[in-house]
Amino acid sequence: MSLRLDALEIVGPGGALFPPLSLEVARGTVVTVMGPSGVGKSTLLDAIGGHLAHGFRARGRVVLNGRDMTGIAPERRRIGLMFQDALLFPHLSVGDNLAFGLPPSVRGRAARAARVDRALEDAGLSGFGDRDPASLSGGQRARAALMRTLLAAPDALLLDEPFSKLDAGLRDELRSFTRSHVETARIPALLVTHDPDDAAAMGGGVVQLGA
Amino acid sequence: MRSDGRLLRGAVLAAVGAGLLAPIALGLWETLRPAFGVLPALGRTVWSLEPWAELAALPGVRTSLMLTLWTGIGSTVLSLLLALGAAAALHDRIGGGRGGRWLTPFLAIPHAAMAVGLAFVLAPSGWLARLLAEPLGWTRPPDLASVNDPWGLALMIGLMIKEIPFLLLVILAGLGQLPVRRHMAMGRALGYGRGIVWIKVIVPQLWPLIRLPVWVVLSYALSNVDMALVLGPSTPPVLAVAVMRWFTDPDLAMLLPASAGAILQAGVVLAGVALFGAAELAAARLGRCWLRRGGRGLSFEPGLLLARGLVLALLATGALAMLSLAVWSVAWRWSFPHVLPESWSAKPWQMAERGWREALGNTLVLAAASVAVSLALAVAWLEGEDRARRGRAGWAEALIYLPLLLPQIGFLYGLNVVFLRLGVGGTTLAVIWAQALFVFPYVMITLSDPWRALDPRLVNAAAALGASPLRRLWAVKLPVLLRPIATAAAIGVAVSVAQYLPTLFMGAGRVPTLTTEAVTLSSGADRRIVGVYATLQAALPFAAYGLAFLVPALLHRNRADLRGTA
């Protein structure tokens, strides 16, 4: 069970962004893709998650747990996303943001609320459920966003420089928070970054893009 | 998912084609035929140029044409120059999104209500004359045609008071996309005066961003009917008013020259736009030579000051006009030299109650229906673009502007013929349909930019959490975009309430609204009654704008990131 890229290539209006990329991420580990800005790291994650903009085409295959993802709608891929901006939905409270991620198979108002509360507690955000996401600090937002993603029970996680906007102390804290949750959830995670410290902290393999 | 997007886009395209394009094209066609002699209802089946000869022989037609060109082009050029000058002088202070807020009342008030208010202010017995009466010792209104003057000056003032705020809004929005501050600093560091940097550096970058709205203003100024009826010269009137009168002439044979006049009106607008295009090319060529000479022109500041002063004077007159509507509607005894009514009363409201209740009800129904249809179509269109993950093609953008660039009188008569054939002529449905032709473009234009500015990653994040396209729309996009959606709806209400000609033509006079009543009554009826209708007419868009501000503010009162995003 894993996330595998088979000769994945993205063709934009100006041709292929980078040479075909093959890699495999085992469950519970984080593989880091490094590369200078502008090489197409975010576009790579778009291709894996199914969010490519018009004009971009993916060649090769994305295989998650043995299933080819080509042509599958993003909402059916079960691939979670984390950005450097937490991108909590600004019109929902922190708790409702988490509830948005919780699958509808968790039934009953009380059961859902309990799951959200537990996730908030896990993120050190007990009692923050009714708060406006805009009132959270950067680190709190990032943790809430990660919990929202994990509540959806994804089969894989994509991380788009999620630590780059945090200051140094918070960054270390969030790296270990993320890594431990990936290990607990036993899902493969792919991180793109230009910060070598991120790669070191995640402890998994490192792939250079566009070298 | 891709196929879903295609289905939605197909449905939108079909709705726009059948609901928007086809009526306009058919309307033009049904106006073109009688313009060239074919009107089977009158037994005329042979193509000919006869209607044009009849048109040329109609009394006053040449003067009407000249008046149209003079008032339309004159008011547009002056509005543009003054708005540019005022923006240059005021931009530092009112720049950004906040600047637009104080313009809102001028944008919201329907043209007809503004015209009625201006007539109250500018007329020989109006507020201005009353204010001047004491210092100048007047005991009777001066013998001066200050409204409906043969030169069309009152009409031009009215058009300018409505169009300058619109252009200012468009200019401020355009400036927000340009590095004005840095270019200004760069230019002044090179020794150029502020006004010259404005003309040589900023305006050339700004023009492509405001060209289309300027054309819309020009088209309106050349072809408006309601303002011209209230403020413009009457014998002969401007072309659009003359054409409307010929269309409604009891002698049905007049339909032929009237149709020719409608086509002429469309030609006048086309020629006006072509003229502006040619002027743009010439200015670009001459301007480049002027630029290369490198003149620093430090002395241009007075021009900017003059523009700012004139704009403020015009807007003050406009504000006085809005106020005068409300004052007249509650005045009882108010004889000439008195600045304020001698006695106040709610009687004007009671006397006209049956009339304004019906008109208000019709206006509300028309506004609600045309805005609902337009909003639904706009959201479907934008969502279709999102699902296809592509921007808008140039032809689609042009399609949206089409109803705003074509003069209404050019195709409304023909559209009425089409509606009659469909069996919906003279019904509320026909009026809603016709109004939506003009409401939809404004809703679409208002909503497009905020919609596209929404961070796509927010929507991707929802998709990654397993939300279907429909849920992404309902649970993320629409709530986050509530404020711009409400703003677009308010602008839609303002446009719907302001429609005069479509309501009159499509309703066949059987669907009286606040606008049609206010315009009809403005010629000769009791000022107090006119004041009641015009006050209500102005109040509706104000209320819509107020709601558009209040509802999102209440629903999102605890959501800091959604406040202040227009």
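A note on names: the letters A, B, ... follow the listed sequences, proteins ahead of strands, and every chain is numbered from 1.
A 6.0 Å sphere centred on CZ of A/Arg76 holds no more than 12 heavy atoms belonging to other residues, nucleotides or ligands. In B/Phe542, the CZ atom is crowded: over 12 heavy atoms of neighbouring residues, nucleotides or ligands sit closer than 6.0 Å.
Residues of residues 146-153 of chain A that come closer than 4.5 Å to chain B, counting heavy atoms only, are A/Arg148, A/Thr149, A/Ala152, ordered by residue number. Along residues 77-100 of chain A, the residues that come nearer than 4.5 angstrom to chain B, judged on non-hydrogen atoms, are A/Ile79, A/Gly80, A/Leu81, A/Phe83, A/Asp85, A/Leu87, A/Leu88, A/Phe89, A/Pro90, A/His91, A/Leu92, A/Ser93, A/Phe100 in order of number. For residues 156-165 of chain A, a heavy-atom distance under 4.5 Å to chain B picks out no residue at all.
Once rounded to the nearest 0.5 Å, the distance linking NE2 of B/His556 with CG of A/Asp132 reads 10.0 Å.
Contact tally against chain A (heavy-atom pairs below 4.5 Å) for B/Pro456, B/Ala461, B/Ala464: the top residue is B/Ala464. Across B/Asn558, B/Val476, B/Asp455, the residue that shares the most heavy-atom pairs under 4.5 angstrom with chain A is B/Val476.
Looking only at distances, no side-chain donor or acceptor of B/Asp561 sits under 3.5 Å from a matching main-chain atom of A/Ala134.
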After noting the C-alpha distance and the side-chain angles of A/Glu75 and B/Arg472, does the key distance pass the side chain to side chain contact (heavy atoms under 4.5 Å, CB included) rule? CA-CA 10 Å; A/Glu75 69 269 19; B/Arg472 300 204 284 270; 3.0 Å; yes

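Legend: ring-ring contact (aromatic ring centres under 6.0 Å, His included) pairs involving residues 21-67 of chain A, not counting sequence neighbours: none detected.
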